[in-house]
J.: 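Before I ask anything, let me first share the structure, which is written out below as C-alpha cells.
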Amino acid sequence: MTKIITSFPIDKQLQLSISFSAAEDKLLLSGVRYCQNERESINSEPNHDSFIQKIKNELECYLSDASFQFSLPCNFQLGTLFQQKVWQALTEIPSGEVKTYGALAKELDTSARAVGNACRRNLFPVIIPCHRVVSASGVGGYAGDTLDVQKGDINFLRIKQWLLAHEAALYEKRKG
DNA sequence: ACTATTCCGGTAA
DNA sequence: TTACCGGAATAGT
C-alpha cells in the first residue's frame, strides 16, 4: 500500500491522506482521510509515480475548478453491497447540487437513516462527494460529526460547509 | 444497540 | 400562525 499526503486549502494544518494499492492488477484508491501535520511516507515504489501524479493532478483540478469531475478509481469492494450502491449514487450528484438523505433514500428505496449510515462509512471523502448529501433541516453530518457533536480535534462540519461553498451549493439552513 | 434522519402531534408564544 | 421539543418509524451494520 502506498500513502501520500497532500495539503488541503482550508487552513495550513489540514491535509488529505490518500492511500492506494493494487487490486486485480490495477491501482485503486483504498482510502482517503483528513489529517493534520503528517509527513509524506517515503515507501512509494517508483512504478507508482504516474498514479501519484494523477491523484495530485485531479485534486488540483478540483480545487481550482469545483465543477471538475474526478475519475480516480476507488476500490468500492471495500464496502458492503449496500454501501457500494449509495456511493455510486453519490458520484451522480453534480457539483453545485445537494440532495437530502430522505430524497436519496427514496430513490434507492431505503431509509434516510440507512443512507446517512452509508455516507458516514464513505472511505473516499471529497473524491466520492458524500458532502453533497444534507439533512432536511440543515447541513447534516460529516465524518461522524454533527451540528451538536464534534468528536475529535478536526472540525469536520466546517470542512463540509467549505466544500459546499466551494461548489457554490445552496441548502436550506433552518437551524445552523 | 447503535446511527451523518424524518415525520407528525402537542404545546406555547 | 410559527417555532420548538419529544417520540416513533425506519433500514443497515
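Just so we're on the same page: letters track the sequence lines, and every chain starts at 1. Small disclaimer: the values here were computed from a predicted structure and weren't measured.
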J.: Could you check whether A:Glu107 pairs with A:Lys99 (Lys NZ or Arg NE/NH1/NH2 to Asp/Glu carboxylate O, under 4.0 Å)?
T.: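 Looking at A:Glu107 and A:Lys99, the cut-off is met.
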
J.: With a 4.5 Å cut-off on side-chain heavy-atom distances among I, L, V, M, F, W and Y, is there a chain of contacts connecting A:Ile52 to A:Ile18?
T.: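 Per the 4.5 Å side-chain linkage, A:Ile52 and A:Ile18 are co-clustered.
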
J.: Between C:dT13 atom P and A:Asn117 atom CG, what is the distance in whole Å?
T.: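 Rounded to the whole Å, the gap is 8 Å.
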
J.: Tell me: NZ of A:Lys99 to C1' of B:dT5, nearest whole Å?
T.: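 So the NZ-C1' distance, A:Lys99 to B:dT5, works out to 17 Å.
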
J.: I'd like a list of close polar pairs between nucleotides 6-10 of chain C and the protein, N/O only, cut-off under 3.5 Å.
T.:
none

J.: Say you draw a straight line from CG of A:Asn122 to CG of A:Asn117; how long is it, rounded to the nearest 0.5 Å?
T.: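 One gets 12.5 Å once the value is rounded to the nearest 0.5 Å.
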
J.: Going by number, which of residues 75-92 of chain A have a non-hydrogen atom under 4.0 Å from DNA chain B?
T.: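 Contacts with DNA chain B under 4.0 Å: none.
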
J.: Below 4.0 angstrom, N of the basic side chain to O of the carboxylate: do A:Glu58 and A:Lys54 qualify?
T.: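 Salt bridge between A:Glu58 and A:Lys54, a charged N being under 4.0 Å from a carboxylate O: yes.
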
J.: For the pair made of CZ in A:Phe156 and P in B:dT3, what is the distance, rounded to whole Å?
T.: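 Answer to the nearest Å: 16 Å.
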
J.: Give the rounded distance in Å between these two atoms: CG of A:Asp148 and C1' of B:dT3.
T.: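 In whole Å, B:dT3 C1' and A:Asp148 CG are 14 Å from each other.
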
J.: Given atom CZ of A:Arg121 and atom C1' of C:dT13, what is their separation to the nearest angstrom?
T.: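 It works out to 6 Å between those atoms.
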
J.: Heavy atoms, side chains only, cut-off 4.5 Å: are A:Gln69 and A:Ser95 in contact?
T.: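 Side chain of A:Gln69 against side chain of A:Ser95, heavy atoms only: no contact under 4.5 Å found.
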
J.: Would you say A:Thr100 reaches B:dT5's phosphate, i.e. side-chain N/O to OP1/OP2 under 4.0 Å?
T.: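 Checking A:Thr100 against B:dT5: no side-chain N or O falls below 4.0 Å of OP1 or OP2.
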
J.: Above 12 or not: heavy atoms from other molecules or residues under 6.0 Å from CD of A:Glu38?
T.: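 Yes, because the 6.0 Å sphere around CD of A:Glu38 holds more than 12 heavy atoms from other groups.
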
J.: A:Ala118 near the nucleic acid: base, sugar-phosphate alone, or nothing, with a heavy-atom cut-off under 4.0 Å?
T.: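 No contact.
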
J.: Can you give the dot-bracket line for DNA chain B, where a pair is Watson-Crick or G-U wobble with both atom distances under 3.5 Å, crossing pairs use [ ], and | marks a partner on another strand?
T.: |||.|||||||||

J.: Tell me the interatomic distance from A:Lys151, atom NZ, to B:dC2, atom C1', rounded to whole angstroms.
T.: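 Rounding to the nearest Å, NZ of A:Lys151 and C1' of B:dC2 are 11 Å apart.
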
J.: Assess, by modelled atom type and distance only, whether the side chains of A:Glu92 and A:Gln88 contain a donor and an acceptor separated by less than 3.5 Å.
T.: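 Yes.
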
J.: side-chain contact (heavy atoms from CB on, under 4.5 Å), that's the test. Do A:Thr6 and A:Leu59 meet it? Break it down for me.
T.: CA-CA 9 Å; A:Thr6 71; A:Leu59 274 170; 3.9 Å; yes

J.: Do A:Glu167 and A:His131 meet the criterion of a side-chain donor-acceptor pair at a distance under 3.5 Å?
T.: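 There is such a pair (donor and acceptor under 3.5 Å, judged by atom type) between the side chains of A:Glu167 and A:His131.
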
J.: Hey, can you tell me if A:His166 and A:Trp162 have their rings parallel, tilted or perpendicular (30° and 60° cut-offs)?
T.: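 Rings of A:His166 and A:Trp162: parallel, as their planes differ by under 30°.
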
J.: Take the angle between the ring planes of A:Phe76 and A:Phe124 and call it parallel below 30°, perpendicular above 60°, tilted in between.
T.: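 Aromatic pair A:Phe76/A:Phe124 classed parallel.
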
J.: Side chain of A:Tyr101 only, heavy atoms from C-beta on: which candidate in B:dT6, C:dT13, B:dT3 is closest?
T.: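 The nucleotide sitting nearest to the side chain is B:dT6.
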
J.: Taking CG from A:Leu147 and P from C:dC4, how many angstroms apart are they, rounded to a whole number?
T.: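 Atom CG in A:Leu147 sits about 14 Å away from atom P in C:dC4.
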
J.: Considering every strand and a 4.0 Å limit on heavy-atom distances, what is the contact class for A:Gly140: base, sugar-phosphate, or nothing?
T.: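 If one applies the 4.0 Å heavy-atom cut-off, A:Gly140 turns out to touch nothing in the nucleic acid.
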
